Novice: 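I am attaching a structure below and will ask some questions about it afterwards.
When reading the values below, keep in mind they use all heavy atoms of this one structure, side chains included, and skip hydrogens, waters and symmetry mates. Protein chains get the first letters and strands the later ones, always in sequence-line order, with residue 1 at the start of each. Computed from a predicted structure; not experimentally measured.
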Amino acid sequence: MAIRKSQRPQEDISQSSLSDIAFLLLVFFIATTIFPTEKGIPLILPGSTSVKKQINRKNVMVITCDQSGAVFIDDQQFAVPLIEDEVRNRIKENPNLVISIETHPEARYDIMVDVLDEVKLADAERISIKMFRG
Amino acid sequence: MARFTRTVHSDSNIPTGSMADIAFLLLIFFIVTTIFRMEDGLNVILPRAEAGQKLPRQQLVNIYIDLRGDISIDDNLIRMTDIEPILVTKLQENSSTVVGLKFDEGVPYKWVHDCLDQMKRANALNTAFTVEPEKSGS
């Protein structure tokens, strides 16, 4: 008597779409990965070794921030958003202008950053920041 | 009489069977090599500014100062006078270090001044005031 080979049905899971799934995952992760970027206002500090230069007072524009948040340019009070235009005009008149931001020790940090932001927006290159000693 | 022989096209299929393996290999490679640099820092509200520029993350060393006057570098609470030696070692490791200043918008300026003073002494002159970007025109 012949033993009949039992015919098992083929039980393969279709693997043809596996690569699609893998690539889908790959593309999803590549597309959704965001590298967090940080933004900041760059400033190069003067080092202890750098030469202290004497600058003519005519070439210095002093912006003072006091503890109440008021901002003065050469002893005249200014609203923060107007600083940019003022600095831009002054630089146009005198390209050698150095902008000195003097901040009162008790003034809030964000006032100084606001002023620095305006000065940077006015494309000023020569900036000095220091503490106001009145 | 010349006979025309049928040209036999060889099968030119690229085997796609191993495609899934390649894709998974890439996937696993990227999952394994991704390092998330986690730094908790201090809870600070950064000031807003328009003129912010992108900072190079790889060279960045962040100094946090919060409203209580706590100072932190690399998640270590430190005193103001510790900033100089820490920055000196950081600069020895990487001379192009950029110091990111993450100060709360409400800190008094004298703390900023003291911090800048320490940085000048450590010769860490490449700095950036880290800000929250503000859309220009708003």
Novice: Should we count CG of B:Asp82 as having more than 12 external heavy atoms under 6.0 Å?
Specialist: yes
Novice: Applying a strict under-4.5 Å side-chain criterion to I, L, V, M, F, W and Y, I'd like to know whether A:Val115 and B:Trp111 cluster together.
Specialist: yes
Novice: Would you give the length of the straight line joining atom NE2 of B:His113 to atom OG1 of A:Thr103, rounded to the nearest 0.5 angstrom?
Specialist: 10.5 Å
Novice: Please classify the contact between B:Ile22 and chain A as side chain, backbone, both or neither, with a heavy-atom cut-off of under 4.5 Å.
Specialist: neither
Novice: Taking all non-hydrogen atoms of both residues into account, name the closest pair between B:Ala51 and A:Lys120 and its distance.
Specialist: CB-CB, 3.7 Å
Novice: Hydrophobic clustering (ILVMFWY, side-chain heavy atoms < 4.5 Å, transitive) - are A:Ile91 and A:Met61 grouped together?
Specialist: yes
Novice: So does A:Leu43 get a backbone contact from the side chain of B:Thr127, meaning a donor-acceptor N/O pair under 3.5 Å?
Specialist: yes
Novice: Measuring heavy-atom distances to chain A, does B:Val107 have an atom under 4.5 Å in its side chain, in its backbone, in both, or in neither?
Specialist: both
Novice: Can you give me the closest heavy-atom contact between A:Pro105 and B:Pro108, atom names plus distance?
Specialist: O-CB, 3.5 Å
Novice: Counting only heavy atoms not in B:Ile45, do more than 12 fall under 6.0 Å of its CD1?
Specialist: no
Novice: May I ask whether B:Met119 and B:Ile73 are part of the same hydrophobic cluster, defined by side-chain heavy atoms of I, L, V, M, F, W, Y residues being less than 4.5 angstrom apart, directly or through others?
Specialist: yes
Novice: Which bit of A:Phe29 is near chain B, if near means a heavy-atom gap under 4.5 Å: side chain, backbone, both or neither?
Specialist: side chain
Novice: Just how far is it from atom CG of B:Leu26 to atom CG of A:Leu25, taken to the nearest 0.5 Å?
Specialist: 12.5 Å
Novice: Go through the steps to decide whether A:Tyr109 and B:Phe103 satisfy the test ring-ring contact (aromatic ring centres under 6.0 Å, His included), and finish with yes or no.
Specialist: CA-CA 8 Å; A:Tyr109 167 62; B:Phe103 301 154; 5.2 Å; yes
Novice: Would you indicate whether A:Glu125, at its atom CD, is surrounded by more than 12 heavy atoms from other residues, nucleotides or ligands within a distance under 6.0 Å?
Specialist: no
Novice: With rounding to the nearest 0.5 Å, note down the distance linking CG in A:Leu45 to CG in B:Leu116.
Specialist: 5.5 Å
Novice: Does the side chain of B:Lys102 reach to within under 4.5 Å of the side chain of A:Glu38, using non-hydrogen atoms?
Specialist: yes
Novice: After noting the C-alpha distance and the side-chain angles of A:Leu121 and B:Glu50, does the key distance pass the side-chain contact (heavy atoms from CB on, under 4.5 Å) rule?
Specialist: CA-CA 8 Å; A:Leu121 284 176; B:Glu50 288 173 37; 3.6 Å; yes
Novice: A:Lys39, A:Lys130, A:His104: which one forms the most heavy-atom pairs within less than 4.5 Å of chain B?
Specialist: A:Lys39
Novice: Hey, quick one: are B:Val61 and B:Met80 part of the same hydrophobic cluster, counting side-chain heavy atoms closer than 4.5 Å, chains of contacts allowed?
Specialist: yes
Novice: Of all heavy-atom pairs between B:Ala49 and A:Asp117, which one has the smallest distance, and what is that distance?
Specialist: CA-OD2, 3.2 Å
Novice: Can you tell me which portion of B:Asp104 sits under 4.5 Å from chain A's heavy atoms? Options are side chain, backbone, both or neither.
Specialist: backbone
Novice: Chain A heavy atoms under 4.5 Å from B:Ala124: which part of the residue, side chain, backbone, both or neither?
Specialist: backbone
Novice: What are the two closest heavy atoms between B:Arg48 and A:Asp114, and how far apart are they?
Specialist: O-OD1, 3.6 Å
Novice: How about CG on B:Asn76, more than 12 heavy atoms from neighbouring residues, nucleotides or ligands closer than 6.0 Å, or not?
Specialist: yes
Novice: Nearest 0.5 Å, please: how far is OH in B:Tyr109 from CD1 in A:Ile111?
Specialist: 12.0 Å
Novice: Name the option with the most non-hydrogen atom pairs under 4.5 Å to chain A; the candidates are B:Thr130, B:Leu55, B:Val99.
Specialist: B:Leu55
Novice: With rounding to the nearest 0.5 angstrom, report the CZ to CE distance, B:Phe129 to A:Met112.
Specialist: 4.0 Å
Novice: Would you kindly confirm whether B:Ile28 and A:Ile30 end up in one hydrophobic cluster when ILVMFWY residues are joined by side chain heavy atoms under 4.5 Å apart?
Specialist: no
Novice: Do other residues, nucleotides or ligands put more than 12 heavy atoms under 6.0 Å from the CZ atom of A:Phe28?
Specialist: no
Novice: Going from CD on B:Glu132 to CG on A:Asp110, what distance comes out if it is rounded to the nearest 0.5 angstrom?
Specialist: 13.0 Å
Novice: Is A:Met131 close to chain B through its backbone or its side chain, or both, or neither, when contacts mean heavy atoms under 4.5 Å?
Specialist: both
